[in-house]
Undergrad: 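This structure is in structure tokens; I'll ask about it shortly.
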Amino acid sequence: DTAVSQTPKYLVTQMGNDKSIKCEQNLGHDTMYWYKQDSKKFLKIMFSYNNKELIINETVPNRFSPKSPDKAHLNLHINSLELGDSAVYFCASSQVFISRSNQPQHFGDGTRLSIL
Amino acid sequence: EDQVTQSPEALRLQEGESSSLNCSYTVSGLRGLFWYRQDPGKGPEFLFTLYSAGEEKEKERLKATLTKKESFLHITAPKPEDSATYLCAVQARSGNTGKLIFGQGTTLQVKP
């Protein structure tokens, strides 16, 4: 069973379109994340949700809107796509609110977004 | 500002040639330092967590160590299957959000 799964794996679309990426985790974790990895493989946090509540919102254009229908799902919707949005987007999950423990984040295999 | 810098950016080794990857960090109180391995087309795969200076962890040919300013990932007698990008990340003590700050990674190539 895949622990953190993202769909789609590849997304090719034109500038100005709106698209969504879905993420699901079956690890029972309480926190989910979205990261963006640029062409130099630098991973940067975008958003994080804990039990459907937004807890991290980095400096990201408001064209990006995360939505968490329940603690096992975190989706990312992107409006008016721009060329600079081309990147690989990773979803991750972890169990944060456990005392005396630092649970590692588990990552999905990414969604490669290409803007034409 | 919390920051992570990894060096070298790329490393080529012959099979069996041991070496070390460096991760220098500045963070306002370290909650944990994480090492991940990333293969092409895949997400980062967790390797180790280190919590305090002096701590060491081992897994097969990999050994991670931690000081107050940096962490090393030592690779002993590497094999071609160790080829991957190795990512280091820190988690700050402040704000219990689980937020990770990543370095830019070291891409390791091991030639047979």
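The model shown is predicted, which means the values in this text are computed figures rather than measured ones. Chain naming here is simple, since letters A, B, ... match the order of the sequence lines and numbering starts at 1 in each.
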Undergrad: What part of A:K44 lies closer than 4.5 angstrom to a heavy atom of chain B: side chain, backbone, both or neither?
TA: neither
Undergrad: Is the number of heavy atoms from other residues, nucleotides or ligands under 6.0 Å of A:E53 CD greater than 12?
TA: no
Undergrad: Is the count of non-hydrogen atoms from other residues, nucleotides or ligands lying under 6.0 Å from B:R61 atom CZ greater than 12?
TA: yes
Undergrad: Atom NZ of residue position B:K57 - does it have more than 12 heavy atoms of other residues, nucleotides or ligands inside 6.0 Å?
TA: yes
Undergrad: Can you get from A:L83 to A:L81 by hopping between Ile, Leu, Val, Met, Phe, Trp and Tyr side chains that sit under 4.5 Å apart?
TA: yes
Undergrad: Any idea which heavy atoms bring B:F46 and A:P104 closest together, and the distance?
TA: CD1-CB, 3.3 Å
Undergrad: Flag yes if B:L33 and B:L47 sit in one hydrophobic cluster, no otherwise; membership is Ile, Leu, Val, Met, Phe, Trp, Tyr, and two members link when side-chain heavy atoms are under 4.5 Å apart.
TA: yes
Undergrad: Is A:F90 close to B:P44 at the side-chain level, that is, under 4.5 Å between some pair of heavy atoms?
TA: yes
Undergrad: With a 6.0 Å cut-off (strictly less than), is the heavy-atom count around CD of B:E17, excluding the residue itself, greater than 12?
TA: yes
Undergrad: To the nearest 0.5 Å, tell me how far A:K41 NZ sits from B:F102 CZ.
TA: 13.5 Å
Undergrad: Look up atom OG in A:S94 and atom CD in B:Q91, then write down how far apart they are to the nearest 0.5 Å.
TA: 7.0 Å
Undergrad: Which atoms of B:Q38 come close to chain A, meaning under 4.5 Å heavy atom to heavy atom: side chain ones, backbone ones, both, or neither?
TA: side chain
Undergrad: Counting only heavy atoms closer than 4.5 Å, note whether B:Y36 contacts chain A via side chain, backbone, both or neither.
TA: side chain
Undergrad: Take a 6.0 Å sphere around NZ of B:K79 and say whether it holds more than 12 heavy atoms from other residues, nucleotides or ligands.
TA: no
Undergrad: Any chance CZ of B:R37 has more than 12 other-residue heavy atoms, nucleotides or ligands included, within less than 6.0 Å?
TA: yes
Undergrad: For chain B, which candidate among A:K40, A:Q105, A:Q37 shows the most heavy-atom pairs at distances under 4.5 Å?
TA: A:Q105
Undergrad: Given 3.5 Å as the limit, does a donor-acceptor pair link the side chain of A:D109 with the main chain of B:G43, or not?
TA: yes
Undergrad: From A:I56 CD1 over to B:L100 CG, what is the distance, rounded to the nearest 0.5 angstrom?
TA: 8.5 Å
Undergrad: Measuring from B:K99:NZ to A:T31:OG1, what's the distance to the nearest 0.5 Å?
TA: 14.5 Å
